[in-house]
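These notes are about the structure you will find just below.
Remember, predicted model here, so these are calculated numbers, not experimental data. In listed order, ligands and their atoms are each counted from 1.
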Amino acid sequence: MASERVITVLGIETSCDETAAAVVRSNGDVLSDVIESQVAAHAPYGGIVPELASRDHLRNVRPVIEAALERAGVGLSNIDGIAVTARPGLAGALHVGAQAALGLAFARDLPIVGVDHLVGHLCAAFLQYPGQPIEPPKLPFLALLVSGGHTALYRVDALKPGGIRELGATRDDAAGEAYDKVGKLLGLGYPGGPVIDKLAHEGDKARFELPRPMSRRDSLEFSFSGLKTNVARYVEQHGRPTTREQLCDLCAAFQERVVTTLVRKSVAALVREQLDTWVIGGGVAANKGLRTQAAAAAAERGARLVVPIPRACTDNAAMIAFSGALRLLSGENHGLTLAVSPHTELPQTTRKGRGARPQGSPG
Ligand code: KG4
Ligand code: ZN
């Protein structure tokens, strides 16, 4: 991107429930992208069990790295540096990836950088998959990050933590977390997002009365726990929907509330920040309803919308490799000082939970 030198980076991601490795060039070209999902291991528990995640990463990390190198048709001698997710995530899970990455870097005398997973998600919009080229976004842009652990709007002036400013985030559940909790309430298994998305398309969104989350227009903060509580209350009072039609209608109503909120607040942020480029990243960006409604809203405003292909929206190592490539090109090398943390390095301004709210009371 900024530099003319193109380097080849091995990326490793183990922050949550995917063991992933990828080989990516600093111009965005994805040479390989291997993802080993742990969903089946966690599904019986209805959510992620941290100890299971660490153990599964330990089993899979080496074969996944080997597969990424093999599919890219390169050996470690062709790699210019290593990038690994260092934060945020499950501490034990992060350690597995970091130690594997450090071992390789040390053995091959390669530079290594720890990458923030959230910055990684924002970098997915720059990835060029074979046969699926996209025109990368131009800085500065608005980013809507919607994943299982985070939901926030950012102004991005540069693709590094110091160049990213939070405009508003969720005060409680992340959007993906709300999908997963509602999926569990409705007996749809884990993760709830993809299946609710599918069912919502068959349903009628007008048949269920659900509240609009954080509907005050002047707030860029989100809150999804009330919406989830409403679905819980409905299930408590009436039981789970008994017909497929009812189930689809409830999913459609829930999805409409989430998506409309995400889109409306993004548009408000574009206006407030006077930006005309809008990037969406994170697992919920794979949602068909969100992709469609965001495209319509962007077209109406004359803004450019960049949403990565669905595979690049959910957790992967290609986005980590690209984000790391930018850091390596700027001369960073964390070496043996690389440390993992459960917390993001992006500045957070939104206060979690209830209580006094900054700038009046947004919604
Ligand atoms: O980014 P991601 O893979 O992991 C985190 O960093 O959290 O996001 C996972 C989240 C899960 O909550 C999952 O339910 C949600 O993304 N998700 C979706 C869809 N695909 C994945 N949510 C709504 N619609 C989808 N199609
Ligand atoms: Zn993620």
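Counting protein heavy atoms only, atom 22 (N) of ligand 1 is closest to Gly193 CA, 3.3 Å. For atom 10 (C) of ligand 1, the closest non-hydrogen atom on the protein side is Gly148 N, 3.5 Å. The shortest contact between atom 20 (N) of ligand 1 and any protein heavy atom is with Gly283 O, 3.5 Å. Considering only non-hydrogen protein atoms, atom 14 (O) of ligand 1 sits nearest to Asp180 OD1, 2.7 Å. Taking atom 26 (N) of ligand 1 as the reference point, the nearest protein heavy-atom neighbour is Asp197 OD2, 3.0 Å. Looking only at heavy atoms of the protein, atom 23 (C) of ligand 1 is closest to Asn287 ND2, 3.4 Å.
For the 3.5 Å distance criterion, the side chains of Thr350 and Gln348 fail to qualify, holding no donor opposite an acceptor. With hydrogens and angles left out, the side-chain atoms of Ser223 and Asp172 include a donor and acceptor closer than 3.5 Å. A donor-acceptor contact closer than 3.5 angstrom is absent between the side chains of Glu18 and Asn316.
When heavy-atom distances to ligand 1 are checked against a 4.0 Å cut-off, Val284 comes that close through both its backbone and its side chain.
The closest approach between a heavy atom of His117 and any atom of ligand 1 is below 4.0 Å. Put simply, no part of Cys16 is less than 4.0 Å from ligand 1, judged by heavy atoms. The shell of residues lying under 4.0 angstrom from ligand 1, judged by heavy atoms, includes His121.
Ligand 1 has an N or O atom lying under 3.5 Å from an N or O atom of Asp315, backbone or side chain. For the pair Gly282 and ligand 1, the shortest N or O to N or O distance does not fall below 3.5 Å. Taking any N or O of Gly176, backbone or side chain, at least one lies under 3.5 Å from an N or O belonging to ligand 1.
Looking only at its N/O/S atoms, His117 has NE2 as the one nearest to the Zn ion (ligand 2). Restricting Asp315 to its N, O or S atoms, the one at the least distance from the Zn ion (ligand 2) is OD1.
Distance check for Cys16 against the Zn ion (ligand 2): none of its N/O/S atoms falls below 2.8 Å.
Of the charged side-chain nitrogens involved, none lies within less than 4.0 Å of a carboxylate oxygen, so that Arg257 and Glu209 do not count as a salt-bridged pair. With salt bridges taken as basic N to acidic carboxylate O contacts below 4.0 Å, one links Glu273 and Arg165. A salt bridge does not link Glu51 to Arg55: none of the charged nitrogens lies less than 4.0 Å from a carboxylate oxygen. Ionic pairing of Glu245 and Arg207 is present here: one or more N-O contacts between side-chain nitrogen and carboxylate oxygen are shorter than 4.0 angstrom.
A donor-acceptor pair is defined here as one N or O able to donate and one able to accept, closer than 3.5 Å; such a pair exists between the side chain of Gln38 and the backbone of Ala53. For Thr14 (side chain) and Gly97 (main-chain N/O), a donor-acceptor pair under 3.5 Å exists by modelled atom type.
For the side-chain hydrogen bond (donor to acceptor under 3.5 Å, both in side chains) with Thr19, the qualifying choice from His57, Glu36, Glu13 is His57, the only one to do so.
Annotation: side chain of Leu69 is in contact with side chain of Ile79 (closest heavy-atom distance under 4.5 Å).
Below 4.0 Å from some heavy atom of Gly149 lie the following atoms of ligand 1, by number and element: 7 (O). Residue Ala286 has at least one heavy-atom neighbour below 4.0 Å for each of these atoms of ligand 1: 26 (N).
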